[in-house]
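Structure record follows, encoded as structure tokens.
Throughout, a chain's letter reflects where its sequence line sits, starting with A, and its residues are numbered from 1.
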Protein chains: 2
Amino acid sequence: MSGKLDFTQEVQQIARISKALSHPVRVYILQKLSKMDSCCYSGDLVEELPVGRSTLSQHLKELKYAGLIQGEINPPYIKYCINRENWEKAKKLLDDFLNDNKSLNISCEETESLIRK
Amino acid sequence: MSGKLDFTQEVQQIARISKALSHPVRVYILQKLSKMDSCCYSGDLVEELPVGRSTLSQHLKELKYAGLIQGEINPPYIKYCINRENWEKAKKLLDDFLNDNKSLNISCEETESLIRK
DNA sequence: AAAACATTTCGTATATTTGCGAAATATAAA
DNA sequence: TTTATATTTCGCAAATATACGAAATGTTTT
């Protein structure tokens, strides 16, 4: 009976993907994997990143859980690479969110009274 | 002397923006403000959202701190609207991050051995 | 001046995130 | 079979995020 909305699937998905991108280590990993168009060993990444092995492993797990990367077992290594399918979906979701503005007019007068922290 | 990298400004900014987008309440607010191309009172938003006034206020504060929205004082109300300048910057940062892939070939063989949670 | 209103700040509780080292797992090499 | 290697899981501590209600702030209306 209240006017409270449930969040749409879209809103929830955008928040979930953004959360996956909300840490520099994870942004770095995704940037590298998507640019390199190849796979990376966890051991290679830990050399470049300012975190320990177990911490890196957790970040990889989160990205895996979010569906943005996948690991190919290649004993005793695990090669990580972008999950292209989900990466494309994530891109589309964020693109739509960022660019679906009704107009770009500035209707809110920018006055001197704007709150500044 | 270690091979550890510092994160680039770009990587840090992407993580910071993504963090601002990592909660459904904040995604909803940004979606609404960017689509409506108008301003909103905190009181209007609290009617629609499943959080209390003080909690909403905190989310608005975070978005303000991230530079994505601004509040125009209109006593006794405060009208919130998108900070168009920073919103455009955020869009560009994320767009570049999402779309700057060297190629889209799938070089990582997708085998049955993919790790699945 | 007092009452009403919109919003924020404060204090607090709980949950989640981040990080580490040690131990566990599993494979390859000796 | 023992040893070395790559990675993950576990247990824990510290930091951060989320949420609420009560109190504070500041403005308008009465």
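Judged purely by atom type and a 3.5 angstrom limit, A:Ser22 uses its side chain to pair as donor or acceptor with the backbone of A:Lys19.
Among the heavy atoms of the strands lying under 4.0 Å from B:Ser42 are primed sugar atoms or P, OP1, OP2 only; no base atom is included.
Here D:dC20 is the nucleotide among D:dC20, C:dT8, D:dT7 with the atom lying nearest to any side-chain atom of B:Val51. Side-chain proximity of A:Tyr80 to the nucleotides C:dC20, D:dT8, C:dT7 is greatest for D:dT8. The nucleotide whose nearest atom lies closest to any side-chain atom of B:Tyr41 is, among C:dT7, D:dC20, C:dA22, C:dT7. Checking D:dT7, D:dC20, C:dC20 against the side-chain heavy atoms of A:Ser54 singles out C:dC20 as nearest.
In this model, the phosphate group of D:dA19 is not approached by any side-chain N or O of B:Arg53 to a distance below 4.0 Å at OP1 or OP2. OP1 or OP2 of D:dT8 sits under 4.0 Å from a side-chain N or O of A:Ser57. Contact check, B:Lys61 against C:dT7: no side-chain N or O comes under 4.0 Å of OP1 or OP2. The side chain of A:Lys19 places an N or O atom within less than 4.0 Å of a non-bridging phosphate oxygen (OP1 or OP2) of C:dT17. Checking the phosphate oxygens (OP1, OP2) of D:dA19, a side-chain nitrogen or oxygen of B:His59 falls inside 4.0 Å.
Nucleotide C:dA6 holds its C1' atom 13 Å from the CG atom of B:Leu45, rounded to whole Å. Going from atom NE2 of A:His23 over to atom P of D:dT16 covers 11 Å, rounded to whole Å. Nucleotide C:dT7 holds its C1' atom 16 Å from the NZ atom of B:Lys79, rounded to whole Å. If you measure from atom CG of B:Asp44 to atom C1' of C:dC5, you get 14 Å, rounded to the nearest angstrom. If you measure from atom CG of A:Leu63 to atom C1' of D:dT8, you get 16 Å, rounded to the nearest angstrom. The CG-C1' distance, from A:Leu56 to D:dT8, rounds to 11 Å in whole Å. Remark: C1' of C:dT7 and CG of B:Leu60 are 10 Å apart, rounded to the nearest angstrom. The distance between atom CD of B:Glu62 and atom P of D:dA17, rounded to the nearest whole Å, is 7 Å.
If B:Cys40 and B:Gln58 are placed on DNA chain C by their nearest nucleotide, the residue sitting closer to the 5' end is B:Cys40.
Taking the six-membered ring where the residue is Trp, B:Tyr41 and B:Tyr77 present tilted rings, their angle falling between 30° and 60°.
Using a 4.0 Å cut-off between charged side-chain N and carboxylate O, B:Lys89 and B:Glu85 make a salt bridge.
Counting heavy atoms from C-beta on, the side chains of B:Tyr80 and B:Leu63 never come closer than 4.5 Å. In this structure, the side chains of A:Val51 and A:Val46 stay at 4.5 Å or more apart for every pair of heavy atoms.
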